[in-house]
*Asks:* 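Structure in structure tokens, see below.
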Amino acid sequence: MTSRPLWVLLASLSLVLTTRVHSLHAQQQDPPAAALTLFHLADEARYQGDLNTAEVWLRHAVELDPEAVTLRLEWAAVLLQLDRLEPAADALSELSNKIRDLESSEPGQAASFYRLQAIIASHRGDHDAAIDGYEQAARLAPRDIRLRFQLIGLHRARGSSAGTLAHLKAAADLRPQSVELRVEVGRALLALEQWSEAEHNFRTAVTIDARHASAWEGLGRALVEQGRLAAGEEVLVTGITAIPESGVLHEQLGDILYEQRRLEAALRAYRRAAELTPAGSTDLEAKIDRAEAALTE
């Protein structure tokens with residue numbers, strides 16, 4: 001049986017249930033059991049992309065079992081998908097008095113509550129409340145990387161380097177083999193001038209993927225910022241050995257060599273970088289001119 005005939009059957013059944021949902025008590029049917037039936041119908045409707053029907057089933061399910069937290073959360077989530085912001089907020093408001101108990105007894109559900117509140121706040125343009133909601137959710141669901149990514153974006157938008165860094169670190173710990181996340185942690189640490197910790201993260205990144213140019217670039221910068229030019233030169237040479245086609249690494253090596261007044265070697269590095277940079281670079285051309293001028297002095 002394909003999903004479409006099943007959906008037709010469920011839709012027919014749903015029409016019958018709609019006309020009888022308010023008489024379930026009179027028929028001595030168990031309201032939570034009936035609510036569960038409606039929940040499964042709503043789940044199928046969502047799977048089929050029919051959010052309006054799903055909302056109807058969930059609303060009736062909540063009417064039958066108003067104390068069921070999961071039903072109310074799912075109803076609010078569907079209302080948000082339908083851009084019905086205020087009804088979603090009203091649906092969640094019924095849980096406000098229970099949220100502290102849920103944090104200890106059902107932290108996953110409490111996290112969902114705060115996440116939905118954060119979405120509502122974001123739609124309203126209240127970014128502080130959105131951040132607070134996502135932070136509360138992440139506190140209760142620390143391994144939910146989607147929450148971390150939401151908070152990274154929000155903190156970046158607000159210019160909070162410390163907030164961004166905290167969630168970048170958490171995301172990188174959740175995905176220890178992600179070189180991109182480890183590089184992002186390193187960059188955030190560079191922005192905060194935490195050179196030694198940045199170095200550690202970039203070293204971790206190059207062990208994950210030795211052909212990630214940004215990891216070598218960041219490691220070189222972290223070392224230079226600590227005044228360790230020889231160590232910076234060494235890691236860039238290693239990086240170029242791994243990625244000889246990287247113009248960025250050749251240019252960065254040229255910068256270190258120029259800083260040490262090793263002008264001929266710097267000029268060779270800059271010229272190689274220019275060869276590997278198809279679009280050209282005004283800054284790179286200026287560096288070549290500067291090195292050439294210094295050699296003639």
Side-chain angles (χ1 to χ4, degrees), residues 145 148-149 152 155-156 161-162 164-295:
I145 200 166
R148 302 296 182 177
F149 288 148
I152 289 165
H155 281 300
R156 275 180 172 164
S161 298
T164 301
L165 176 59
H167 293 288
L168 276 172
K169 285 181 175 180
D173 289 342
L174 288 171
R175 291 187 179 173
Q177 293 305 307
S178 172
V179 65
E180 289 82 7
L181 282 173
R182 192 57 61 185
V183 166
E184 286 298 310
V185 172
R187 285 172 171 167
L189 288 163
L190 288 178
L192 292 170
E193 299 185 357
Q194 296 181 24
W195 315 125
S196 179
E197 192 176 353
E199 176 192 346
H200 170 74
N201 278 273
F202 285 122
R203 286 193 185 278
T204 300
V206 298
T207 62
I208 296 171
D209 183 0
R211 284 191 53 80
H212 199 289
S214 294
W216 290 108
E217 179 187 6
L219 179 54
R221 182 183 165 193
L223 290 166
V224 169
E225 294 290 358
Q226 294 176 72
R228 297 161 60 189
L229 296 183
E233 177 185 349
E234 181 181 351
V235 301
L236 286 170
V237 169
T238 303
I240 288 170
T241 301
I243 323 169
E245 71 277 12
S246 173
V248 170
L249 296 184
H250 283 281
E251 180 178 356
Q252 191 178 13
L253 176 60
D255 292 340
I256 291 177
L257 295 168
Y258 186 88
E259 187 71 18
Q260 298 176 79
R261 305 307 293 174
R262 293 161 59 189
L263 301 177
E264 291 185 0
L267 186 57
R268 286 196 299 271
Y270 286 144
R271 285 173 173 166
R272 182 58 179 151
E275 292 172 1
L276 294 168
T277 308
S281 166
T282 302
D283 289 341
L284 186 53
E285 290 173 2
K287 289 177 180 180
I288 291 173
D289 291 341
R290 182 186 64 180
E292 289 176 337
L295 279 169

*Asks:* Does F202 reach the side chain of V235, with side-chain heavy atoms less than 4.5 Å apart?
*Replies:* no
*Asks:* A side-chain contact here means heavy atoms from C-beta on lying under 4.5 Å apart; do H250 and L284 qualify?
*Replies:* no
*Asks:* So do the side chains of L223 and R203 get within less than 4.5 Å of each other, counting heavy atoms only?
*Replies:* yes
*Asks:* Using a strict cut-off of less than 4.0 Å between a Lys/Arg side-chain nitrogen and an Asp/Glu carboxylate oxygen, indicate whether E217 and R187 qualify as a salt bridge.
*Replies:* no
*Asks:* Calculate, to the nearest 0.5 Å, the distance between atoms CG and CD belonging to L189 and E197 respectively.
*Replies:* 4.5 Å
*Asks:* For the CD atom on Q260, are there more than 12 heavy atoms of other groups (residues, nucleotides or ligands in this structure) within a distance under 6.0 Å?
*Replies:* yes
*Asks:* Atom CD of Q252 and atom CG of L257: how far apart are they, to the nearest 0.5 Å?
*Replies:* 11.0 Å
*Asks:* If you look at every heavy atom in W216 and I243, which pair is closest and at what distance?
*Replies:* CD1-CD1, 3.9 Å
*Asks:* Give the minimum heavy-atom separation between P176 and I208, together with the two atoms involved.
*Replies:* O-CD1, 3.3 Å
*Asks:* Report the C-alpha distance between H200 and Q194 in whole Å, list the side-chain angles of each, state the deciding distance to 0.1 Å, and finish with yes or no for side-chain contact (heavy atoms from CB on, under 4.5 Å).
*Replies:* CA-CA 10 Å; H200 170 74; Q194 296 181 24; over 6 Å; no
*Asks:* Rounded at 0.5 Å granularity, tell me how far OG in S214 sits from CZ in R182.
*Replies:* 15.5 Å
*Asks:* Please report the interatomic distance CG(L263) to CG(L295), rounded to the nearest 0.5 Å.
*Replies:* 5.0 Å
*Asks:* Closest approach of A291 and L267, non-hydrogen atoms and distance?
*Replies:* CB-CD1, 3.9 Å
*Asks:* For the pair K287 and D255, evaluate side-chain contact (heavy atoms from CB on, under 4.5 Å) and give the outcome as yes or no after the intermediate values.
*Replies:* CA-CA 8 Å; K287 289 177 180 180; D255 292 340; 3.1 Å; yes
*Asks:* Identify the heavy atoms of A205 and A215 that sit nearest to each other, and give their distance.
*Replies:* CB-CB, 3.7 Å
*Asks:* Angle between ring planes, Y270 versus Y258, binned at 30° and 60°: parallel, tilted or perpendicular?
*Replies:* tilted
*Asks:* Any heavy-atom pair between the side chains of K169 and N201 that's under 4.5 Å?
*Replies:* no
*Asks:* Would you name the heavy atoms of T277 and G247 that are closest together and state the gap between them?
*Replies:* OG1-CA, 4.3 Å
*Asks:* Using every non-hydrogen atom in the two residues, find where E233 and I256 come nearest and quote the distance to one decimal.
*Replies:* N-CD1, 3.8 Å
*Asks:* How far does CD of Q177 sit from OG1 of T204, to the nearest 0.5 angstrom?
*Replies:* 10.5 Å
*Asks:* Can you tell me if CD on E264 sees more than 12 non-hydrogen neighbours from other groups inside 6.0 Å?
*Replies:* no
*Asks:* Rounded to the nearest 0.5 Å, how far does CD of E251 lie from CD1 of I288?
*Replies:* 9.0 Å
*Asks:* State whether R271 and E292 are salt-bridged, where the test is any N-O pair (Lys NZ or Arg NE/NH1/NH2 against Asp/Glu carboxylate O) under 4.0 Å.
*Replies:* yes
*Asks:* With a 4.5 Å cut-off on side-chain heavy atoms, are V206 and H212 touching?
*Replies:* no
*Asks:* Test side-chain contact (heavy atoms from CB on, under 4.5 Å) on V224 and W195; report intermediate values, then the result.
*Replies:* CA-CA 9 Å; V224 169; W195 315 125; over 6 Å; no
